[in-house]
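To keep things clear, I will list the structure first and then write my remarks on it.
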Amino acid sequence: MTIFSKPLGPRKQLRGPLLVALALLLLSRSRLGALNLSKFGPLLNDKATPQELQQARKQLYFDEDNGSKTLLLPHRGRVARVPITPISPEIFKRDANSFKPIPKSHKPNVDRLFLKQLLAILRIVFPSLTSKEVGILLLHTFFLVTRTILSVYVAHLDGRLVRDIVSADGKGFLRGLGWWFALAIPSSYTNSMLRHLQSKLSLRLRTRLTRYTHDLYLSSAPDLKYYRVSGEGGLEGIDQYITSDISAFCESLSTLYGNVMKPSLDILIFTTQLTRKLGAIGSVLLTLNYMTTATILRAVTPAFGRLAAVEARLEGEYRAGVGRIGRESEEIAFYGGGGRENHILMGAYLRLVKHVNSIYKIRVAYEWTEDYVIKYLWSAAGYCLISIPVWMATKRTVGVQAPPTSSSGKVDDVVADRTENYISSRRLLISLADAGGRLMYAYKDILELAGLTTRIYTMLSTLHHLQPLPEFERHPERIEFQDAVIGIPKKDPRLGETALVGNADEGFDFADSSESNASHSERPLVRDLNIRVERGEHLMISGPNGVGKTAVARVLAGLWAIEDGKVIRPNRGFSGVFVVPQRAYMVTGSLLDQIIYPHSYADFKKSGRSEQDLIDILKVVHLAYLPAREGGWDTIKEWKDVLSGGEKQRMGMARLFYHKPTFAVLDECTSAVSTDVEGLMYQHAKDIGITLITISHRPTLTKYHSRLLTIHGDAAGSWSLTTVGTAEERMGIDREILSLEAKLAEVSTWEKRVKELEVLLGAGEASKKV
């Protein structure tokens, strides 16, 4: 630091540091350019043909031998190949120990737990010392140091210019003005690079954290965390966490680094400079000023971390409301529920606005105190500190341009020297006050970062500790339940935003399985289910609404675990058990993607299938007209809005015929399809060797099955299994017919009673008029 403790000297003393600063800036610029180009430069092909661009849009990616994927991104007439390496399960298993769930009682604050949470997340966004994120951070740090160094030289140069004006030194003034414009070039460039690197760092951190979250969230069986996180995990509004909260956290973190690093460096260097000028007493008073300011602001600082966490939660609720209306717009329109939805949405928005307004009111008092202390108290303290060398001087001289001494030959201008001292010190004090102010402001930013950190940590801890579904016995050609108890999975009380017990510092011990029973339902839907379905034995499941028919389908699909008993089924994956739900899902993509989902175009090509095979499938489901109507296989539309309800259900059956699984669970998947087409599709599924497990209320489908499972829906969770076509099954149908006939016999009684009520109502109205 000796270079900063000397006054600004002759031209040679300034030229060296300035040339070094310029050389470092040019070097850093070249390194930054190489960093930017390294991502796409070596991976960009030559100009691609229209066919190659179209192929890249269809292919999207291809698999590498090492398990990674290479994304194909059409960009400015070329195809960029971006390698993507999935995060290994070993890394997730290692990181799980750093993300122990915390109870709801914990409130975000700047404490030891906040540092522990932040450190766990930083290990994700800065995976190694050689990562690009660390390189950007070091480059950002270099520019922060450079700007501080340049600020010191500008402060000295400012004082030198005023000295030359006071002493009427025209040549010195012009020379100093030249250096002023020279220093302006690296100074302005440094400021621009700081903003650029801060934005780039934020984007890199977001990319790293988003990729980590996506790999953890979109996990395959037996985890299926994207399906279970809101139910068993108790984490509502996961879309708000992954999009807005991660973005806000990374932006806050990258901004906070500059807001803390730069002021801290400024305070260190500027204090060193001022200590030399102010002496021992001035240094003590300067330190006392720091301590007094920090004490006052800490005492009046509100809990911005908690406020930020609540604001993010309310933003998520409002966002979820808007998304719900977009998804269910047709159903809402059928009911004419726009007014009702407006009230619900405005209620969520007003709760958000009310909270934000309360934050604004809190900030009024805080920012008033903050501005008073930092701007005016520090300015007054600065003037007092600057005056110390003058008041404490043992000898004061007021001579102006005294004759030159024989030793130096220079004019002795005490006023000019004092003015230079004052201007330089004042410039340093202003910069010091600004640095101190930004550092005090940063405390508020740290509190807000604490709130965002708690939300990101809660999301990651819930995803890490959402226990995988239990394993089952495998058999390639059989599905069997042995004394199975099926119920609705309950939330794990240790996970999510609503965890009610546990120690905030230590978290929960997931090695203890004593809490596992807490996830069992209070009243199982089906008890002691014993059924065996061999390949070729088609099963139909029936029963009243809400008795657990779909629950059985979810267990068969591997989405739910049974509470007791044993399950035997084929391996996981759609080649073993394929579920076709009532509400067909239309994926974002082309018409071809709708049929082959969840296969990608690369999987389709690898399978050896052709577009003619897809046409044959569409003929079976009576959708062969779609390619011509919609403009070809590569047409991309919002298919959930383009296709009708019946077309979407038939598209779901087309996927079934494309994948040809061993078993198919059909959950009311043809309720919007005419009975004739429905029968043709069921018969075709049997003809190509698919074993059907159907959930339906349509009696016309019974003939396509060999057995009928009826779930009664009583408190005992009882069920019955009959063989289709037997006397027992016919007796069940006869009982249903007798029940319906008995109800029809009572129609005349009900009609008579209606007429009596109408007479009574008419008499009542007449008496009112009289």
Side-chain angles (χ1 to χ4, degrees), residues 330-331 334 533 535-545 549-550 553 577-586 591-592 594-597 611-630 633 639-710 722-726 729-730 732-734 736-737 740:
E330 185 176 29
E331 289 80 0
F334 282 149
V533 181
R535 185 169 186 177
E537 296 180 352
H538 308 287
L539 175 69
M540 183 171 178
I541 305 175
S542 66
N545 291 327
K549 303 187 297 297
T550 302
V577 179
F578 192 91
V579 180
V580 185
Q582 181 178 11
R583 187 173 180 176
Y585 170 68
M586 297 291 106
L591 178 61
L592 184 143
Q594 308 311 309
I595 303 177
I596 67 176
Y597 185 80
E611 293 180 356
Q612 183 57 45
D613 296 327
L614 301 184
I615 287 289
D616 295 338
I617 291 175
L618 290 182
K619 288 180 180 178
V620 174
V621 298
H622 290 232
L623 290 177
Y625 56 86
L626 278 183
R629 188 187 79 180
E630 302 300 337
W633 293 109
W639 296 106
K640 68 180 181 65
D641 299 327
V642 172
L643 302 180
S644 67
E647 287 176 331
K648 286 186 283 190
Q649 288 193 340
R650 282 179 280 163
M651 186 63 74
M653 294 296 290
R655 290 176 188 166
L656 172 67
F657 300 147
Y658 170 81
H659 291 290
K660 294 183 180 179
T662 305
F663 293 88
V665 180
L666 309 180
D667 186 5
E668 296 281 3
C669 65
T670 55
S671 58
V673 180
S674 61
T675 55
D676 55 338
V677 176
E678 179 185 55
L680 293 174
M681 292 190 296
Y682 270 78
Q683 188 59 50
H684 180 74
K686 295 176 65 175
D687 293 342
I688 62 177
I690 300 175
T691 301
L692 304 178
I693 301 177
T694 303
I695 299 173
S696 178
H697 292 96
R698 288 188 175 182
T700 55
L701 294 177
T702 306
K703 61 183 177 182
Y704 299 103
H705 303 81
S706 54
R707 286 188 293 174
L708 176 65
L709 173 65
T710 303
T722 57
T723 302
V724 175
T726 62
E729 192 259 343
R730 287 195 297 271
I733 296 176
D734 291 340
E736 186 175 359
I737 292 174
L740 292 174

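We're numbering straight along the sequence, starting at 1. Note that the coordinates shown come from a computational prediction; the quantities given were computed from them, not determined experimentally.
- Judged by distance alone, the side chain of R707 and the main-chain N or O of E537 form no donor-acceptor pair under 3.5 Å.
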What side-chain donor-acceptor pairs closer than 3.5 Å can you find for residues 665-674, not counting sequence neighbours?
| residue | atom | partner | partner atom | Å |
| --- | --- | --- | --- | --- |
| D667 | OD2 | T550 | OG1 | 3.2 |
| E668 | OE2 | H697 | N | 3.4 |
| E668 | OE2 | H697 | ND1 | 2.8 |
| T670 | OG1 | E678 | OE2 | 2.5 |
| S671 | OG | Q582 | NE2 | 3.3 |
| S671 | OG | Q649 | NE2 | 3.1 |
| S671 | OG | E668 | O | 3.4 |
| S674 | OG | D676 | OD1 | 2.6 |

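- By the 6.0 Å contact criterion, CZ on R698 is enclosed, its count of non-hydrogen atoms from other residues, nucleotides or ligands being greater than 12.
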Determine all donor-acceptor pairs shorter than 3.5 Å in which one atom belongs to a side chain in residues 679-690; sequence neighbours excluded.
| residue | atom | partner | partner atom | Å |
| --- | --- | --- | --- | --- |
| Q683 | NE2 | D687 | OD1 | 3.0 |
| K686 | NZ | Y704 | O | 3.3 |

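- The backbone N or O of H538 lies less than 3.5 Å from a partner atom in the side chain of S706, making a donor-acceptor pair.
- Here the closest non-hydrogen pair linking V580 and L656 is CG2-CB, 4.1 Å.
- Once rounded to the nearest 0.5 Å, the distance linking CD1 of I617 with CZ of R650 reads 15.5 Å.
- In this structure, L708 CG and T694 OG1 are separated by 11.0 Å, a value rounded to the nearest 0.5 Å.
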Practice item. Could you please spell out the steps behind the side chain to side chain contact (heavy atoms under 4.5 Å, CB included) verdict for L626 and M651? Key: CA-CA 10 Å; L626 278 183; M651 186 63 74; 3.7 Å; yes

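- Rounding to the nearest 0.5 Å places CD1 of I596 at 7.5 Å from NE2 of H659.
- No donor-acceptor pair closer than 3.5 Å links the side chain of K648 to the backbone N or O of V642.
- Taken from CD1 in I595 to OH in Y597, the straight-line distance is 15.0 Å, to the nearest 0.5 Å.
- Within the 4.5 Å cutoff, no side-chain heavy atoms of D613 are placed close to those of Y658.
- Atoms CD and CG, from E611 and L618 in turn, are 11.0 Å apart once rounded to the nearest 0.5 Å.
- Every salt bridge (charged side-chain N to carboxylate O under 4.0 Å, His left out) that E647 has, sequence neighbours left out, goes to R629.
- The two residues V621 and A654 make their nearest non-hydrogen contact at CG1-N, 3.9 Å.
- Shortest non-hydrogen contact noted between R655 and F578 is CB-CZ, 4.2 Å.
- Separation of atoms CG (D641) and CE (M586) is listed at 11.5 Å; rounding is to 0.5 Å.
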